[in-house]
Amino acid sequence: MAAMTWRPARCWCPSLLQVFRFQVAQVHLGRPTMRASQQDFENAMNQVKLLKKDPGNQVKLKLYALYKQATDGPCNMPKPGVFDLVNKAKWEAWNALGSLPKETARQNYVDLVSSLSPSSEASSQGKHEADEKVQGSKDIVVTSEDGITKIVLNRPTKKNAITFQMYQDIILALKNASTDSSAITAFTGTGDYYCSGNDLTNFTSASGGKEEAASRGAVVLREFVNSFIDFPKPLVAVVNGPAVGISVTLLGLFDAVYASDKATFHTPFSHLGQSPEACSSYTFPKIMGSAKATEMLLFGKKLTAREAWAQGLVTEVFPESTFENEVWTRLKAYAKLPPNSMRISKELIRKNEKEKLHAINAEECTTLQARWLSEECINALMNFMSRKAKL
Ligand SMILES: CCCC/C=C/CC(=O)SCCNC(=O)CCNC(=O)[C@H](O)C(C)(C)COP(=O)(O)OP(=O)(O)OC[C@H]1O[C@@H](n2cnc3c(N)ncnc32)[C@H](O)[C@@H]1OP(=O)(O)O
């Protein structure tokens with residue numbers, strides 16, 4: 001009988017589904033046929049292999065944990081080392097099930113797989129395709145009317161977390177907006193969040209080793225932030241909800257920040273084992289003083305919209321009920337102003353800092369590249385990924 005083996009991850013972030021499928025295939029072949037519910041269980045295992053869409057890391061961790069609990073009972077393996085990231089996340093997911101009976105784990109596994117089954121997948125896929133047809137949407141939607149180019153973070157199911165592709169999409173959107181016919185460019189988010197910052201799975205789902213992922217991240221981040229430093233037109237953030245991480249630090253490079261009173265501003269860099277980016281190590285002390293900047297960037301203090309306004313990060317706060325209407329009405333009026341005059345005035349305000357900002361951006365990216373490889377950061381990312389498996 002093929003034993004269920006505990007395989008060291010070949011690289012720090014193989015796709016959990018690939019590892020999971022390989023291990024299930026190994027065990028499945030060797031298992032003798034058992035009771036009918038075991039047959040449902042094995043059918044469910046086959047269904048997992050037929051999934052067209054990656055169900056996401058949280059679901060894969062849950063599937064793995066339930067599979068192990070159903071076949072081997074409570075977690076009986078030694079906890080993997082801190083750098084054995086994938087197996088550590090899997091161990092934690094399995095261990096979190098405690099003494100859940102095998103039969104219950106088996107039933108939960110079958111139930112979870114059936115919720116991912118091709119039929120339910122097809123309906124959600126169909127819905128997603130239907131959405132794409134209606135909105136023509138990607139994760140970044142760009143529209144241009146009334147003299148305003150609007151760049152919308154459109155990934156509400158993930159709180160508008162920014163993927164590597166979205167960074168590239170935004171760089172291109174800013175490049176196009178810098179020369180289009182609009183007078184002003186505005187950023188905003190779809191759904192209840194403005195943006196929950198960098199997608200924390202960017203590094204765990206990237207192909208290649210962790211060094212390669214960190215190096216790529218630093219290159220992308222530097223180009224991304226430079227596109228904000230160099231943007232020639234008035235750049236306005238319309239913060240419709242909570243903002244986290246890079247979506248907050250970037251605000252120091254915007255020309256105006258209008259926030260709903262339900263918005264919050266959070267930069268949990270120390271919690272994540274990371275460090276400030278988007279020139280915030282310079283712009284935040286300049287805007288709010290070093291003590292307030294320290295509370296945000298080092299201690300991760302989350303600010304309400306009014307606190308962010310009081311500290312100079314937010315230009316004006318609006319009641320949620322009138323926020324969209326008031327802000328877009330105002331921006332449409334501003335967009336009627338002579339565009340060349342606005343562009344030239346922005347250049348006068350920003351030109352003395354551009355070179356300095358580029359240098360600060362470069363230094364922050366180098367620092368972050370090292371942080372992303374640190375034990376503190378790796379642990380924090382794995383904790384985030386496996387946090388729901390513990391529920
Ligand atoms: C290469 C350039 C790098 C630039 C570096 C920038 C630094 C940063 O931006 S650091 C800041 C990173 N962001 C975070 O730490 C926020 C992480 N998310 C959360 O803490 C919570 O999700 C949040 C408080 C935002 C919302 O909590 P809830 O209201 O409880 O919602 P959920 O947690 O259930 O979220 C719904 C759904 O979205 C996924 N999600 C949310 N944020 C992120 C994220 N930043 N990265 C990846 N995925 C995110 C979350 O996992 C949920 O997904 P499902 O479980 O699949 O539903």
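First listed ligand is number 1; within each ligand, the first listed atom is number 1.
- With hydrophobic clusters built from ILVMFWY side chains whose heavy atoms lie under 4.5 angstrom apart, I140 shares a cluster with L253.
- Close approach of ligand 1 to Y167 (heavy-atom distance below 4.0 Å) involves ligand atoms 1 (C), 2 (C), 3 (C), 4 (C).
- Between T71 and K102, the closest side-chain pair of non-hydrogen atoms is not below 4.5 Å.
- Contacts between F384 and ligand 1 below 4.0 angstrom, taking non-hydrogen atoms only, involve the side chain exclusively.
- Distances from atom 8 (C) of ligand 1 to the heavy atoms of N198, V248, T267 show the closest one on N198.
- At a heavy-atom distance under 4.0 Å, only backbone atoms of T157 (N, CA, C or O) approach ligand 1.
- Assignment of V220 to the shell around ligand 1 is not supported, since no heavy atom sits closer than 4.0 Å.
- Residue contacts with ligand 1, taken as heavy atom pairs separated by less than 4.0 Å, involve A161 solely via side-chain atoms from C-beta onward.
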Inset, instruction - Please test N198 against N202 for side chain to side chain donor-acceptor pair (under 3.5 Å), starting from the C-alpha separation and ending with a verdict. - result: CA-CA 8 Å; N198 186 44; N202 276 340; 2.7 Å; yes
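- Within a 6.0 Å radius of CD in E316, other residues, nucleotides and ligands contribute more than 12 heavy atoms.
- Listed by atom number, the atoms of ligand 1 under 4.0 Å from F164 heavy atoms are 1 (C).
- There is no side-chain donor-acceptor pair under 3.5 Å between N240 and S260.
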Inset, instruction - Begin with the C-alpha distance, continue with both residues' side-chain angles, and end with the deciding distance and a verdict on side-chain contact (heavy atoms from CB on, under 4.5 Å) for W94 and M77. - result: CA-CA 10 Å; W94 180 14; M77 303 291 288; 3.4 Å; yes
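- Taking every heavy atom of G197 and a limit of under 4.0 angstrom, the matching atoms of ligand 1 come to 9 (O).
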Inset, instruction - For the pair F254 and F187, evaluate ring pair (Phe, Tyr, Trp, His ring centres under 6.0 Å) and give the outcome as yes or no after the intermediate values. - result: CA-CA 10 Å; F254 277 71; F187 269 78; 5.6 Å; yes
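- Both the backbone and the side chain of L200 come within 4.0 Å of ligand 1, counting heavy atoms alone.
- Residues satisfying the side-chain contact (heavy atoms from CB on, under 4.5 Å) test with S144, not counting sequence neighbours, are T149, D180, S182.
- Proximity to Y193 (heavy-atom distance under 4.0 Å) selects the following atoms of ligand 1: 23 (C), 24 (C), 25 (C), 26 (C).
- Taking a cut-off of under 4.0 Å to the non-hydrogen atoms of G245, the atoms of ligand 1 that pass are 8 (C), 9 (O), 11 (C).
- Not a single heavy atom of N202 sits less than 4.0 Å from an atom of ligand 1.
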